[in-house]
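Down below is the structure, laid out as structure tokens.
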Amino acid sequence: MSPHRVELVALADAAALADRAREEVLRCAAQAVAERGVFRIALSGGSTPKALYERLAASAERADFARWHVFFGDERCVPPEHAESNFGMARAAWLGKASCGAVYRVRGELRDPHEAAREYEKDLEREFAPQAPRFDLVLLGLGADGHTASLFPGSSAVRENAKLVVATHVAKFNAHRITFTAPLINAARCVMFLVAGGDKSPALRAVMQGRDNLPAGMVLPLNGKLLWLVDRAAAAGLVEDE
Ligand code: 6PG
């Protein structure tokens, strides 16, 4: 088996994708807790994962949340109660209804985003010490422009290969974001993309075909599994309809 285990699964629609994603997260969590006594997961932001988080909130009897340590793969530079906050979305959909062992929020409200990034990197180092940070599962989304987390095409963050977390200015939003870097993502035991909607189809095809040098195309766990869960609309032109 190559060290790069890559799998793509096409689901009928966004609801089926969220159902399958819940099963994959629960399976990953059970394995991590059995092997190491803790499940360390990094959540994705945006809108796609909300349905997954709602399903996790309804799965408390199937998950030992007290052993789950939750991080965020990226965050907007806003306070937690802001409509754009990834933490705020996950708290409303799931974390506010569950008792996870630890939840590490990026302090997006800090005036200096670089300070927020440095603080988050310290949280990561403390959580994983004395080992280097290696998540059991990193959840990611895909932007129509091929970005993932807050690694946007053309940004310096895409080329960062020393730091684990950086602040990056996103020109299209004229705003800073805090994001995991590719090396941190690629250290994971498993990375799972959730991609839904026909607007993602061109970027998904480009990533799968290794074209256009897109940030999402940089994700390839060095010694782990890469799982793409996509809905049929996003997979248009990629998989043959049966
Ligand atoms: C964010 C995410 C980002 C997201 C993609 C897809 O903070 O917005 O980390 O990378 O996953 O933009 O977003 P949707 O799920 O809303 O399409």
Side-chain angles (χ1 to χ4, degrees), residues 11 13-18 20-22 25 41-55 70-80 82-95 104-109 113 116-117 120 135 137-155 157-158 160 164-182 184-186 188 191-204 206-207 214-219 226-236:
L11 289 308
D13 54 28
L17 188 155
R20 176 64 182 267
R22 174 197 47 212
V25 172
I41 180 174
L43 304 185
S44 172
S47 57
T48 305
K50 185 167 182 277
L52 163 61
Y53 302 157
E54 289 166 343
R55 283 161 173 77
V70 181
F71 284 78
F72 288 80
D74 74 322
E75 186 55 280
R76 292 81 180 276
C77 289
V78 295
H82 192 283
E84 287 289 304
S85 168
N86 288 336
F87 168 80
M89 182 273 280
R91 175 174 58 182
W94 165 36
L95 298 174
Y104 292 87
R105 176 177 76 81
V106 182
R107 289 207 299 155
E109 66 274 23
Y120 209 53
F135 279 93
L137 179 60
V138 174
L139 300 179
L140 292 175
L142 176 68
D145 61 359
H147 81 264
T148 191
S150 283
L151 300 172
F152 283 81
S155 73
V158 169
E160 175 61 51
L164 301 173
V165 182
V166 293
T168 178
H169 184 261
V170 185
K172 70 194 289 188
F173 302 130
N174 189 26
H176 276 87
R177 290 200 175 174
I178 314 291
T179 186
F180 278 14
T181 58
L184 175 55
I185 293 169
N186 283 330
V191 177
M192 183 162 76
F193 276 93
L194 307 183
V195 185
D199 60 320
K200 308 296 177 71
S201 179
L204 181 61
V207 169
L214 298 176
M218 297 167 47
V219 175
L226 175 58
L227 174 59
W228 288 83
L229 296 186
V230 305
D231 74 352
R232 200 171 296 288

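Indexing begins at 1, ligand by ligand and atom by atom, following the structure's order. Just so we're clear, the structure is a prediction, and the values are computed from it rather than from any experiment.
Separating the CE atom in Met218 from the OG1 atom in Thr148 is a distance of 10.0 Å, to the nearest 0.5 Å. For the atom pair OG of Ser155 and CD of Glu160, the computed distance is 10.5 Å after rounding to the nearest 0.5 Å. Atoms CZ and OH, from Arg105 and Tyr120 in turn, are 10.0 Å apart once rounded to the nearest 0.5 Å.
Judged by distance alone, with hydrogens and angles left aside, the side-chain atoms of Glu75 form a donor-acceptor pair with the main-chain N or O of Asn86 at under 3.5 Å.
If you look at Phe71 and Phe180, their ring centroids are not closer than 6.0 Å.
Sorted by chain and number, the residues within 4.0 Å of ligand 1 by heavy atom are Ser44, Gly45, Gly46, Ser47, Thr48, Asp74, Arg76, Asn86, Gly141, Leu142, His147, Thr148, Ala149, Arg177, Lys200.
In summary, of the residues considered (Val191, Val25, Leu227, Leu43), a side chain to side chain contact (heavy atoms under 4.5 Å, CB included) with Leu137 occurs for Val25 alone.
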